[in-house]
Number of protein chains: 2
Amino acid sequence: MSEPREIPVHIIESLKSLGLTKYEALVYIGLLRVAGATATEIHEISGVPRASVYPVLDRLMQKSLVSVSHTSPKRFNATPPDDGIDSLMHRIEEDAAQAREALTAIYREKAEEHRADQEFIWSIYGQENIQGRLTDLIRNAGKEIRMVANWNLLSETILPLLRQARGAIAVEVVTDFWEGEVPEGVAVHVHRHCMKHEQCENHPPMENAGVFIVDGAKVLVWMGSSGEETSALYSESPGFVQFFSRYWTNIRDWVKLSNQ
Amino acid sequence: MSEPREIPVHIIESLKSLGLTKYEALVYIGLLRVAGATATEIHEISGVPRASVYPVLDRLMQKSLVSVSHTSPKRFNATPPDDGIDSLMHRIEEDAAQAREALTAIYREKAEEHRADQEFIWSIYGQENIQGRLTDLIRNAGKEIRMVANWNLLSETILPLLRQARGAIAVEVVTDFWEGEVPEGVAVHVHRHCMKHEQCENHPPMENAGVFIVDGAKVLVWMGSSGEETSALYSESPGFVQFFSRYWTNIRDWVKLSNQ
DNA sequence: TAAATGTTGTTACGACAAAAACAACAATGG
DNA sequence: CCATTGTTGTTTTTGTCGTAACAACATTTA
């Protein structure tokens, strides 16, 4: 019988975020390795105390991750990983749907004080989070979007968004490089410090950076502070918007000029 | 300022299964109701101790559920529920994918002792769990499926499965009622205790019940013990299979006879 | 201006519940 | 009779919940 072999912790963690406990994860994994095992065998394989194995198996059965044979001694079997995880995800997605509904209801009936979005400057942390917010912003744009952004960010995140979600929205872009086709309805100003993109690496690898002005009313400033966690500012404050509108116009005019 | 209004517990529970703690849920909900609130306001709205609000907000920011304005005092804002839940689900789905991969690897390299599936009779509990297993079974059928099942179960669960997943598989069904078209490649034997389905209700509402024999090698017996939780047996044991094969043949012959 | 007051943000610590880990014991079966 | 199974407690640990106290800062009042 194989010893309680070392299980990578990150698997346990993944399973935990699917709603399992450490023991449940260990037992389930153990049962995947040895089908039709007895409680004692499971104990040996997984390293989980024998006495704890029984309640854990009960919970796993409720979650449909194991089935049991009513022999003596009882033997247990794991449902295949794909089925098992599907089952877990199904539960979670139900909860997500419920939460979505309930929270949207709450969200709609909130006091309509717009001070929140209008007067303040909000910070957002983390690549994914910023990207998500930006996605939202572009999708809900009404008339026009002006932006300064480096090519990396532009090509990987922004362009795909523009391609699908834009319906008669004017887009004006200032960037440091361009390659490939320019989508219809998009005006591009390139300030080439160099001819090939790879050569631009004297500028430190500012991973993602850009300013996005939507409908002259909303601004998102993405600061790719290389090294630390990236962060972004978002605001609908008129002063903030005006400041970056001017900043953007300056940049664009300067680039146009230097390209002549 | 609105008091810490009563939040339905099930919302909290839903959010918990998405990886939030009670406090995180309360604060997030509070912020949905009052956008751009200060820590103290959040404390008042949500009922979460003021001192606990700060670390909770930190965690929520990491999870991209709130953003912060660097004014004094700081003000916080919730990301809209749809975006927020998307963000949470995204993380979970990543974990699910990871787990899937890792577990499938483990599952494949398991000792190929088939005693597990061959010699024992496995119990499965819960409607959903059984349905899932049955789905799996039908999808992976090789040649033929024989079944006895009541019409409810048949029409709601089985037929949709058959329609999509069957490629040249012989299906023979014994049931108590039939309505609608018979799919191609399916033989049906009906034993009508009554002409209209609604009239059959002298038989107690045996919610779901049936025997499913796949390729003459696998059997699933679904026992809809009305009242308690439904349960099912699954086995590849030759004896078990043979028993139900004969049982099924008997039933079919009897029905054929009594229909003449 | 200086003291008094109040609020913000931080830190520390106790209470509590769930999970993890251990120990003991009755039931079962060869 | 012995070994193993299955069950029942108990202790330890962990993470969250909840309270209290305090420094930093701004506002008010004398």
Side-chain angles (χ1 to χ4, degrees), chain A residues 1 4 6-7 9 11-31 34 36-63 65-77 120 123, chain B residues 1 4 6-7 9 11-31 34 36-63 65-77 120 123:
Chain A
M1 182 62 48
E6 204 53 46
I7 305 288
V9 272
I11 302 185
I12 310 284
E13 290 308 312
S14 294
L15 287 175
K16 271 191 190 172
S17 87
L18 298 184
L20 299 193
T21 68
K22 183 182 164 191
Y23 276 5
E24 286 168 354
L26 286 172
V27 166
Y28 181 58
I29 294 174
L31 261 179
V34 178
T38 67
T40 308
E41 287 171 339
I42 294 172
H43 151 66
E44 288 166 349
I45 300 161
S46 64
V48 172
R50 198 176 59 85
S52 304
V53 162
Y54 294 94
V56 167
L57 281 169
D58 284 341
R59 279 176 276 159
L60 286 177
M61 283 170 52
Q62 289 303 320
K63 291 173 180 168
L65 292 180
V66 311
S67 47
V68 58
S69 99
H70 285 160
T71 53
S72 176
K74 290 179 183 171
R75 288 184 173 273
F76 300 88
N77 201 22
F120 295 104
S123 298
Chain B
M1 180 63 49
E6 204 54 45
I7 305 289
V9 271
I11 301 185
I12 311 283
E13 290 308 312
S14 295
L15 287 175
K16 271 191 191 172
S17 86
L18 299 184
L20 300 192
T21 68
K22 182 183 164 190
Y23 277 4
E24 287 167 355
L26 286 173
V27 165
Y28 181 57
I29 294 174
L31 261 179
V34 180
T38 67
T40 308
E41 287 170 339
I42 294 171
H43 150 66
E44 288 165 350
I45 301 162
S46 64
V48 172
R50 198 178 60 86
S52 305
V53 162
Y54 294 95
V56 166
L57 281 168
D58 285 341
R59 277 177 277 158
L60 286 176
M61 284 170 52
Q62 290 302 321
K63 291 172 179 168
L65 292 179
V66 310
S67 46
V68 60
S69 99
H70 284 163
T71 52
S72 176
K74 291 178 182 171
R75 287 184 175 272
F76 301 88
N77 202 24
F120 295 104
S123 298

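Chain naming here is simple, since letters A, B, ... match the order of the sequence lines and numbering starts at 1 in each. Heavy atoms only: backbone and side chains are in, while hydrogens, waters and symmetry mates are out. All values derive from a computational prediction rather than experimental measurement.
Partners of B:Ser69 under the side-chain hydrogen bond (donor to acceptor under 3.5 Å, both in side chains) rule, at least two apart in sequence or in another chain, are B:Thr71. When the side-chain contact (heavy atoms from CB on, under 4.5 Å) test is applied to B:Pro49, the partners found at least two apart in sequence or on another chain are B:Tyr23, B:Ser52.
Just one residue in the list A:Lys74, A:Arg50, A:Arg75 forms a salt bridge (charged side-chain N to carboxylate O under 4.0 Å, His left out) with A:Glu41, and that residue is A:Arg75.
Of all heavy-atom pairs between B:Gly36 and B:Asn77, the closest is N-OD1, 3.4 Å.
Counting any heavy atom pair closer than 4.0 Å across all strands shown, B:Ser72 reaches no nucleic acid atom.
Listed pair A:Thr21 / C:dA20 meets the phosphate criterion, a side-chain N or O lying under 4.0 Å from OP1 or OP2. Under 4.0 angstrom from either OP1 or OP2 of D:dT4 there lies no side-chain N or O belonging to A:Thr38. Phosphate contact (OP1/OP2 of D:dT14, side-chain N/O of A:Lys22, threshold under 4.0 Å): absent.
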query = How would nucleotides 19-25 of chain D be written as a contact map, 5' to 3', with B for base contact, S for sugar-phosphate-only contact and - for no contact, using protein heavy atoms under 4.0 Å?
reply = BB-----
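Rounded to an integer number of Å, the gap from CG of A:Asp58 to P of C:dA19 is 14 Å. As a whole-Å value, the separation of B:His43 NE2 from C:dG6 C1' is 15 Å. Here D:dA3 presents its C1' atom at 15 Å from CD of A:Glu41, a figure rounded to the nearest Å. When rounded to the nearest whole Å, the span between OH of A:Tyr54 and P of D:dT8 equals 12 Å. In this entry the distance linking CD1 of B:Ile12 with P of D:dT16 reads 15 Å, nearest Å. Distance A:Lys74 NZ to D:dT5 P: 13 Å, rounded to the nearest Å. Separating the CG atom of B:Leu20 from the C1' atom of D:dC17 is a distance of 16 Å, rounded to the nearest angstrom. Atom CD in A:Glu13 sits roughly 15 Å away from atom P in C:dA19 (whole-Å rounding).
Residue A:Ile45 holds its CD1 atom at 10.5 Å from OG1 of A:Thr40, rounded to the nearest 0.5 Å. Rounding to the nearest 0.5 Å gives a distance of 4.5 Å between CG of A:Leu57 and CZ of A:Phe76.
If B:Pro55 and B:Thr40 are placed on DNA chain C by their nearest nucleotide, the residue sitting closer to the 5' end is B:Thr40.
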Give the table of side-chain donor-acceptor pairs shorter than 3.5 Å for residues 13-22 of chain B, with sequence neighbours excluded, one pair per line with atom names and distance.
from    : atom 1 : to      : atom 2 : distance (Å)
B:Ser14 : OG     : A:Asp95 : OD1    : 3.4
B:Ser14 : OG     : B:His10 : O      : 3.0
B:Ser17 : OG     : A:Asp95 : OD2    : 2.8
B:Ser17 : OG     : B:Ser14 : O      : 3.1
B:Thr21 : OG1    : B:Glu24 : N      : 3.2

